[in-house]
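First comes the structure, then the notes that go with it.
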Amino acid sequence: MSQHALSDQQVDNELRKMTAFIKQEAMEKAREIEIKANEEFEIEKSKLVRQETDSIDSQYEKKFKQATMSQQIARSTVANKTRLKVLGARQELLDSIFQDAEKKLADGAKDKGKYQKILKGLVLEGFYALNEPKMLIQARKKDYDIVKKAIEEATKEYKKEVGKDIEATVDEANPLPEESTGGVVIASGNGKIDINNTFETRLELLKESSAPAIREALFGKNPNRKFFD
């Protein structure tokens, strides 16, 4: 038997060493694979978590914007409705003021002395505005007598102030409606130009001219108004 021949025991020992070495390498390789797999898993998990988080954040931001916009629209709608209600209530109050004034228009013709002075002023205003030699005055039939006296007084004053004669007569062919509350219409001789100085028309003009001042007196200055007459 050769001196270099290994005994069965030696062969067995060598096999065990080789097996142990191979097993150790296998275990180390398996450990490396496991560590690498765990690292890749954590990276992938972090990536998925980040994607889901970004998605949730994006959805939340979108829903938050939608909710904010809906809230702004709702607030604006309520504010507009409130503003319209306030404006409506204010307009109703103004309308009621002028309605009360309209009901009292007829009272201006009850006192004949005061009414004649009023008619004189209205007729004279028409004289100055038209500045023509001949005029026609429309009035209610029941006012004809008092209107004629007012015309006479207005004619004298016009002559005194302007230095010119003027002829004015009651237009009995075209009386004002009896339901009119009073006043006169002054027309040029040819009837093409007229000044409507009936109580109703004067009140309508007053509505337009005095409404801003009445609003300010009742509700204060409008902060949104930039221009004033």
Ile137 vs Asp171, side chain to side chain contact (heavy atoms under 4.5 Å, CB included): CA-CA, chis, key distance, verdict | CA-CA 5 Å; Ile137 311 297; Asp171 186 3; over 6 Å; no
Could you go through the side chain to side chain contact (heavy atoms under 4.5 Å, CB included) check for Leu206 and Leu203 one step at a time?
-> CA-CA 5 Å; Leu206 184 63; Leu203 180 61; 4.3 Å; yes
Worked verdict on Glu178 versus Lys142 for side chain to side chain contact (heavy atoms under 4.5 Å, CB included) = CA-CA 8 Å; Glu178 289 304 309; Lys142 61 185 176 182; 3.7 Å; yes
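At least one side-chain heavy atom of Glu172 sits less than 4.5 Å from a side-chain heavy atom of Tyr144. No side-chain heavy atom of Phe127 sits less than 4.5 Å from a side-chain heavy atom of Val162.
To the nearest 0.5 angstrom, Thr198 atom OG1 is 9.5 Å from Glu204 atom CD. To the nearest 0.5 Å, atoms CD (Glu132) and CD1 (Ile186) are separated by 12.5 Å. The line from OG1 of Thr181 to CZ of Arg202 is 12.5 Å long, rounded to the nearest 0.5 Å. For the atom pair CG of Leu124 and CG of Leu119, the computed distance is 12.0 Å after rounding to the nearest 0.5 Å.
Heavy atoms from other residues, nucleotides or ligands lying under 6.0 Å from CD of Glu61 number 12 at most. Within 6.0 Å of CG on Asn80 lie more than 12 heavy atoms contributed by other residues, nucleotides or ligands. Enclosure of atom CG in Asp111 by more than 12 non-hydrogen atoms of other residues, nucleotides or ligands within 6.0 angstrom is indicated.
Judged purely by atom type and a 3.5 angstrom limit, Asn197 has no side-chain atom pairing as donor or acceptor with the backbone of Gly183. Judged by distance alone, the side chain of Arg140 and the main-chain N or O of Pro177 form no donor-acceptor pair under 3.5 Å.
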Ignoring hydrogens and angles, write down the donor-acceptor pairs under 3.5 Å from the side chains of residues 39-55, residues two or more places apart or on other chains.
from, atom 1, to, atom 2, distance (Å)
Glu42, OE1, Lys45, NZ, 3.4
Ser46, OG, Glu42, O, 2.9
Thr53, OG1, Val49, O, 2.7
Ser55, OG, Gln59, NE2, 3.4

For residues 150-158, run the donor-acceptor check on the side chains, cut-off 3.5 Å, and write out each pair with its distance to 0.1 Å, sequence neighbours left out.
from, atom 1, to, atom 2, distance (Å)
Glu153, OE2, Gln116, NE2, 2.8
Thr155, OG1, Ile151, O, 2.7
Glu157, OE1, Lys120, NZ, 2.7
Tyr158, OH, Asn131, OD1, 2.7

Would you mind writing out the side-chain donor-acceptor pairs for residues 68-75 within the sub-3.5 Å range, not counting sequence neighbours?
from, atom 1, to, atom 2, distance (Å)
Thr68, OG1, Phe64, O, 2.8
Ser70, OG, Gln66, O, 2.9

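By the side-chain hydrogen bond (donor to acceptor under 3.5 Å, both in side chains) test, Thr169 pairs with no residue at all, sequence neighbours left out. Not counting sequence neighbours, the partners of Asp12 by the side-chain hydrogen bond (donor to acceptor under 3.5 Å, both in side chains) test are Arg16. Here Lys23 pairs with nothing under the salt bridge (charged side-chain N to carboxylate O under 4.0 Å, His left out) rule; sequence neighbours left out.
Clustering ILVMFWY residues whenever any of their side-chain heavy atoms sit less than 4.5 angstrom apart, transitively, puts Val184 in the very cluster that holds Ile118.
Each of Ile195, Ile166, Val123, Asp194 was compared with Met135 under the side-chain contact (heavy atoms from CB on, under 4.5 Å) criterion, and only Ile166 meets it.
Residues Leu176 and Gln138 approach most closely at CD1-O, 3.7 Å, considering heavy atoms. Across all non-hydrogen atoms, the minimal contact from Ala139 to Val147 is CB-CG2, 3.7 Å.
In this structure, a donor-acceptor pair under 3.5 Å is absent between the side chains of Gln10 and Glu14.
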